[in-house]
Amino acid sequence: MGAAEAFDREVRLFVYRHFVDEGEPPTAAQVADRLGKSTEDVEASFRRLEAAHVLVFAPGTLNIWMANPLCAFPTTFRVTTERGSWWGTCVWDAFGIPAMLDEDAAIATSCPDCSEPMEFRLEGGSLTVDDGVAHFAVPARRWWDNIGYT
Amino acid sequence: MLAFRSEEHVGRWCETRGIPHGASFSLEQAWELGRRWYGDKLSPDWRRATPDEAERVFTDIGLTGDFWRLRA
């Protein structure tokens with residue numbers, strides 16, 4: 001593993017752990033401070049991680065928007081475990097949060113058509129739902145054409 | 001990827017917004033997708049799945065057909 005790859009791995013892990021612990025992603029300056037590196041080095045790592053589709057930034061910035069399955073901005077998917085609450089980018093990511101944390105969770109969302117609230121519960125790795133269906137509008141090969149829309 | 005109360009709601013939502021109907025599948029499949037995709041995301045050894053690995057996950061869960069292919 002090269003030096004840049006090893007550093008990107010360290011940055012990625014720090015971003016995810018911070019996001020889980022604090023409920024929001026770190027800035028490049030925060031990562032730099034904690035890892036004892038320059039902000040420029042972390043920003044270069046951020047750009048490599050973006051190019052590799054590991055992190056997504058708010059347009060025109062290096063502010064983390066998504067470290068999937070976690071989303072920095074409010075969405076229609078709120079995931080709550082004993083450890084905290086996070087926004088999931090979509091239903092796939094909302095389910096991904098308890099999977100990543102290996103914790104039970106309640107997922108609150110609403111039907112986009114009628115706005116009726118819906119709640120899913122994950123307990124011991126089993127999903128409890130009354131009804132519902134998942135829908136993906138964008139075919140797999142076009143997901144990264146516009147990941148925000150996807 | 002959104003969650004709807006039923007397929008009827010998916011159809012109405014797509015129609016009123018002019019969004020082409022994509023793929024509908026069960027919430028159990030969506031949970032399995034989340035579990036398979038993100039279960040190791042906090043591991044230091046995590047790496048992004050290759051297209052072959054990703055397509056294998058979709059197939060294992062029963063998400064098949066051209067919609068789920070990552071390459072043309």
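A, B, ... follow the sequence lines: proteins, then strands. Residue 1 opens every chain.
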Need one label for R47(B): side chain, backbone, both or neither, based on atoms under 4.5 Å from any heavy atom in chain A.
neither
Please name the pair of heavy atoms, one in V133(A) and one in S6(B), separated by the smallest distance, quoted to 0.1 Å.
CG1-C, 3.5 Å
Side-chain heavy-atom pair Y16(A), W46(B) within 4.5 angstrom cut-off
no
Which distance, rounded to the nearest 0.5 Å, do you find between the OH of Y38(B) and the CH2 of W92(A)?
6.0 Å
Closer than 3.5 angstrom, by distance alone: can the side chain of R12(B) be matched with the main-chain N or O of D113(A) as a donor-acceptor pair?
no
Using non-hydrogen atoms only, which part of S43(B) is less than 4.5 Å away from chain A: side chain, backbone, both, or neither?
backbone
Over all atoms of both residues, closest heavy-atom pair of A134(A) and A30(B)
CB-CB, 4.1 Å
Check this for me: D102(A), atom CG, are more than 12 non-hydrogen atoms of other residues, nucleotides or ligands nearer than 6.0 Å?
no
Looking at CZ of F77(A) and CG of L2(B), how far apart are the two atoms once the value is rounded to the nearest 0.5 Å?
5.0 Å
Residue by residue, which of residues 116-126 of chain A have a heavy atom closer than 4.5 Å to a heavy atom belonging to chain B?
E116(A), M118(A), F120(A), L122(A), G125(A)
Closest non-hydrogen atoms of L42(B) and V20(A), given as atom of the first, atom of the second and distance, are CD2-CG2, 4.3 Å
Can you measure from OG (S26(B)) to CG (L127(A)) and round to the nearest 0.5 angstrom?
8.5 Å
Does any backbone or side-chain atom of D93(A) lie under 4.5 Å from a heavy atom of chain B? Answer side chain, backbone, both or neither.
both
Taking F19(A) as the starting point, is it possible to reach L13(A) by hopping between hydrophobic residues whose side chains are less than 4.5 Å apart?
no
In Å and rounded to the nearest 0.5 Å, what is the OG1 to CD distance from T128(A) to E28(B)?
9.5 Å
Using atom types as modelled and distance alone, determine if a side-chain donor or acceptor of K41(B) lies under 3.5 Å from a backbone N or O of N68(A).
yes
W87(A) with M66(A), same ILVMFWY side-chain cluster at under 4.5 Å
no
Atom pair CZ/CE of F95(A) and M1(B) - distance to nearest 0.5 Å:
9.5 Å
Check whether any side-chain N or O of H9(B) sits under 3.5 Å from a backbone N or O of P112(A) as a donor-acceptor pair, and report yes or no.
no
Counting only heavy atoms from other residues, nucleotides and ligands, does the tally under 6.0 Å from CD of E82(A) exceed 12?
no
Given the options S24(B), A3(B), A54(B), which has more heavy-atom pairs under 4.5 Å with chain A than any of the others?
A3(B)
Chain A shares the most heavy-atom pairs under 4.5 Å, among L33(B), D45(B), T16(B), with L33(B)
In Å, rounded to the nearest 0.5 Å, how long is the span from CG of D40(B) to CE of M100(A)?
11.0 Å
Name the orientation class of the two ring planes belonging to H135(A) and H21(B) (parallel below 30°, tilted from 30 to 60°, perpendicular beyond 60°).
perpendicular
Contact class of A94(A) relative to chain B, heavy atoms under 4.5 angstrom:
neither
Does L101(A) belong to the same Ile/Leu/Val/Met/Phe/Trp/Tyr cluster as V91(A), with side-chain heavy atoms less than 4.5 Å apart forming each link?
yes
